[in-house]
Amino acid sequence: MHIDGQCHCGDVTYTADIDPDAVSICHCTDCQRLTGSPYRVTVSAPREAVTLTGKAPKLYVKTAESGRKRLQYFCAQCGSPLFVTGTDEDAQTWGIRWGSINQRAALKPKRQSWCASAMNWFGETSALAPEPRD
């Protein structure tokens with residue numbers, strides 16, 4: 001599937017060819033902190049399938065206790081998270097942040113990880129009173 005996307009302000013733009021079945025939810029505590037939400041949704045794609053078409057994103061490198069590095073790309077202007085990748089062999093796969101994808105409504109998560117860190121109310125949101133707009 002061909003997608004395109006951008007940060008909130010539109011400075012960083014991209015196109016990519018993705019597998020719509022490669023959408024996942026991550027409940028890890030890093031994703032919770034980096035998003036300010038209970039989980040993050042990401043689409044995995046080969047690095048060569050992603051083309052940056054606007055300004056270059058800014059980079060933040062998170063080093064885990066294990067020493068593994070995760071490269072977090074975001075917009076320097078508005079702060080929108082955009083991509084994640086690793087180093088060495090991990091650099092061959094990029095994670096595209098679901099919220100930045102224009103076609104995100106067509107991309108449903110197929111798996112979830114780090115469920116031990118999931119909030120105990122995850123899955124109960126359908127019981128909340130819906131507000132179409134705030």
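As a basis for the values below, the full set of heavy atoms in this structure was taken, side chains included, without hydrogen atoms, waters or symmetry mates. Remember, predicted model here, so these are calculated numbers, not experimental data.
Annotation: Lys58, atom NZ; neighbour count of heavy atoms from other residues, nucleotides and ligands within 6.0 Å does not exceed 12. The number of heavy-atom neighbours closer than 6.0 Å to CZ of Phe74, taken from other residues, nucleotides and ligands shown, is above 12.
Counting heavy atoms from C-beta on, the side chains of Phe83 and Leu52 come closer than 4.5 Å. No side-chain heavy atom of Gln72 sits under 4.5 Å from any side-chain heavy atom of Asp30. In this structure, the side chains of Val12 and Tyr73 stay at 4.5 Å or more apart for every pair of heavy atoms. Looking at heavy atoms from C-beta onward, Ile18 lies in side-chain contact with Leu107 at the 4.5 angstrom threshold. Two residues are said to be in side-chain contact when any heavy atoms from C-beta on lie closer than 4.5 Å; Thr42 and Arg97 meet this criterion. Here the side chains of Thr15 and His2 are in contact, with some heavy-atom distance below 4.5 Å.
Across all their heavy atoms, Leu82 and Pro57 have their closest contact at CD1-CB, 4.3 Å. The two residues Lys110 and Asp21 come nearest to each other via the heavy atoms CE-OD1, 3.2 Å. Across all non-hydrogen atoms, the minimal contact from Cys26 to Trp114 is SG-CD1, 3.7 Å. Here the closest heavy-atom approach between residue Ser117 and residue Thr29 is recorded as OG-CG2, 4.1 Å. Smallest separation of non-hydrogen atoms from Asp11 and Gln77: OD2-CB, 3.5 Å.
Note that SG of Cys75 and CD of Gln6 are 10.5 Å apart. Values are rounded to the nearest 0.5 Å. Here the straight-line distance linking atom OG1 of Thr93 with atom CZ of Arg47 works out to 11.5 Å at 0.5 Å rounding. The CZ atom of Arg70 sits 9.5 Å away from the SG atom of Cys28 when rounded to the nearest 0.5 Å.
Note: the hydrophobic cluster containing Val50 also contains Leu59 (ILVMFWY, side chain heavy atoms under 4.5 Å, direct or indirect links). Note on Val43 and Met1: same hydrophobic cluster, where clusters join Ile, Leu, Val, Met, Phe, Trp and Tyr whose side-chain heavy atoms are under 4.5 Å apart, directly or indirectly.
A donor-acceptor distance shorter than 3.5 angstrom exists from the side chain of Arg104 to the backbone of Gly99, with no hydrogens or angles considered. Under a 3.5 Å cut-off, the side chain of Thr53 and the backbone N or O of Thr13 do form a donor-acceptor pair. Between the Gln103 side chain and the Asp4 main chain, a donor and an acceptor come within less than 3.5 Å of each other. At distances below 3.5 Å, at least one donor-acceptor pair connects side-chain atoms of Gln32 with backbone N or O atoms of His27. Side-chain atoms of Ser44 never come within 3.5 Å of backbone atoms of Gly95 as a donor-acceptor pair (strictly under, hydrogens ignored).
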Residues Ile3, Ile96; criterion side chain to side chain contact (heavy atoms under 4.5 Å, CB included); working and verdict
CA-CA 10 Å; Ile3 62 168; Ile96 304 169; 4.1 Å; yes

Could you walk me through whether Leu34 and Val84 pass the side chain to side chain contact (heavy atoms under 4.5 Å, CB included) test, one step at a time?
CA-CA 11 Å; Leu34 287 164; Val84 66; over 6 Å; no

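If you check the side chains of Thr63 and Arg68, you find no donor sitting under 3.5 Å from an acceptor.
Shown are Ser80, Ser100, Pro81; of these, the side-chain contact (heavy atoms from CB on, under 4.5 Å) with Cys7 is made only by Ser80.
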